[in-house]
Amino acid sequence: MDIALLGVGHLGEAVLAGLIDSGLPPAQIWATALPAERAARLADAYGVEVGTDNPSAVAEADVVLIAVPPVAVGPLLSAIGPSLEPDAIVVSLAAGVPLAKLTERLPAGITAVRAMTNIAARARRAATALAAPEGTDLTEIEDLFDRIGVTVIADESMMDLITAVGGSGPAFLYYLADSMTNAAVDGGMDPVDARVLVDQMLLGACLHLQESDEPPAALMERIATPGGTTEAALASLDESHVDEAIRAAVAAAAERGGELPGA
């Protein structure tokens, strides 16, 4: 499978790094980035062909991954359309750009797919959701994204919500990590020690959550000894309506996903 990855910014580079780390041969990947100096740095760092010419990059690609901002998706698809292989699959990683908009910018017969992944692709821990027209065989694309994490197939109507939870979700965790680290430092801990402790705590808790069959609420109850420190902390979070704030944040991200200009 030959892959073109167009628009290697933060997310695109995370996907690129994850794919290379998964064992995908660099010779099977063509990428583009701007400016030319960044393209050269990426080529040196990952050993792949990286240029600035999008039509050239897709000329022999079986799968084309679009990693540009939503507003740039339409012009990019129009530019590469004449250069696409007749049976190519075009996968958009851009938030908020519906399949109908992708399809109308592509030549007839080209399959369009939406993918929402996240920055954890770099560590091959991404959560990715795919949406495609009914009847599309997504086996090949699912296998590709499984290289960088776990993949689910979703109805397109869920993609804005998935963008909020899966795409923006890592930022929620980083927000928590930043707050907890700052609280530890404010209490007198060494900043480096605080960062190490918080990072490892979050990693361990996430791995435990992933490996457990119990819901998150049950895991919380097991830690919250009556009259103990965790119970006091959770009571403080409840008093501050943190649950409501998180739900509102997810809703805001999902709403914004539906408003983004694209294609």
Should we count CZ of R122 as having more than 12 external heavy atoms under 6.0 Å? yes

Do L16 and I148 sit in one hydrophobic cluster, given that two such residues count as connected whenever their side-chain heavy atoms are within less than 4.5 Å of each other, even indirectly? yes

Drop me the distance from Y46's OH to I20's CD1, to the nearest 0.5 angstrom. 9.0 Å

Are V68 and V64 joined in one hydrophobic group, where the rule is that I, L, V, M, F, W and Y side chains link up if heavy atoms are under 4.5 Å apart? yes

Within residues 58-86 or reaching into it, pairs that qualify as side-chain hydrogen bond (donor to acceptor under 3.5 Å, both in side chains) - sequence neighbours excluded: S78-R105

Rounded at 0.5 Å granularity, tell me how far CG in L24 sits from CE in M1. 8.0 Å

Would a 4.5 Å heavy-atom cut-off, applied to side chains only, mark T151 and T117 as touching? no

Closest approach of D155 to A131 (non-hydrogen atoms, all atoms of both residues): C-CB, 4.5 Å

Return the CG to CG distance between L6 and L77, rounded to the nearest 0.5 Å. 9.0 Å

So for atom CD, which belongs to E156, do other residues, nucleotides or ligands contribute more than 12 heavy atoms lying within a distance under 6.0 Å? yes

T163 versus A95, closest heavy-atom pair with distance: CG2-CB, 3.8 Å

Does the R38 side chain pair with the main chain of V8, one donor and one acceptor, at a distance under 3.5 Å? yes

Is it possible for you to say whether I89 and L106 belong to one hydrophobic cluster, with membership spreading through side-chain heavy-atom contacts below 4.5 Å? no

Quick check: does any side chain N or O of T32 sit under 3.5 Å from a backbone N or O of G7, one acting as donor and the other as acceptor? yes

Intermediate values then yes/no, side chain to side chain contact (heavy atoms under 4.5 Å, CB included), L65 and V15: CA-CA 10 Å; L65 304 180; V15 171; 4.3 Å; yes

Salt-bridge criterion met for D143 and R147 (N-O under 4.0 Å): no

Which heavy atom in I80 sits nearest to a heavy atom in P55, and how many Å separate them? CG2-N, 4.1 Å

Can you tell me if T136 uses its side chain to pair, donor with acceptor, with the backbone of L138 under 3.5 Å? no

Do T225 and T230 have side-chain heavy atoms sitting under 4.5 Å apart? no

Between N118 and A127, the two heavy atoms sitting closest are ND2-N, 3.6 Å

Do P216 and L209 come close enough that some side-chain heavy atom pair is under 4.5 Å? yes

Verdict with supporting geometry, L202 and L176, side chain to side chain contact (heavy atoms under 4.5 Å, CB included): CA-CA 9 Å; L202 289 173; L176 175 61; 4.2 Å; yes

Under a single-linkage definition using a 4.5 Å side-chain heavy-atom cutoff for Ile, Leu, Val, Met, Phe, Trp and Tyr, are V113 and I3 assigned to the same hydrophobic cluster? yes

Do the side chain of R114 and the main chain of V97 share a donor and acceptor less than 3.5 angstrom apart? yes

How about CE on M180, more than 12 heavy atoms from neighbouring residues, nucleotides or ligands closer than 6.0 Å, or not? no

Please find the pair of heavy atoms, one from A164 and one from A254, that lie closest to each other, and give the distance. CB-N, 3.5 Å

Among all residues two or more places apart in sequence or in another chain, which pass the side chain to side chain contact (heavy atoms under 4.5 Å, CB included) test with H208? S212, L219

Heavy-atom closest pair (L42 atom, A33 atom, distance to 0.1 Å) is CD1-CB, 3.6 Å

Could you pull out all residues at least two apart from R256 that satisfy side chain to side chain contact (heavy atoms under 4.5 Å, CB included)? E259, L260

Got a second to check how far L234's CG is from T229's OG1, nearest 0.5 Å? 9.5 Å

A side-chain contact here means heavy atoms from C-beta on lying under 4.5 Å apart; do T139 and E142 qualify? no

Okay, side chain of Q200, backbone of V196: is any donor-acceptor separation there less than 3.5 Å? no

Within the structure provided, determine whether I66 and L76 are in side-chain contact (heavy-atom separation under 4.5 Å). yes

Between CD1 of I29 and CG of D2, what distance do you get to the nearest 0.5 Å? 10.0 Å

I need the I141 CD1 to I153 CD1 distance, nearest 0.5 Å. 9.5 Å

With a 4.5 Å heavy-atom cut-off, do E140 and L144 have their side chains touching? no

For the side chain of D178 and the backbone of Y174, is there at least one donor-acceptor N/O pair under 3.5 Å apart? no

Indicate, with yes or no, if L19 and V63 share a hydrophobic cluster defined by side-chain heavy-atom contacts under 4.5 Å among Ile, Leu, Val, Met, Phe, Trp and Tyr. yes

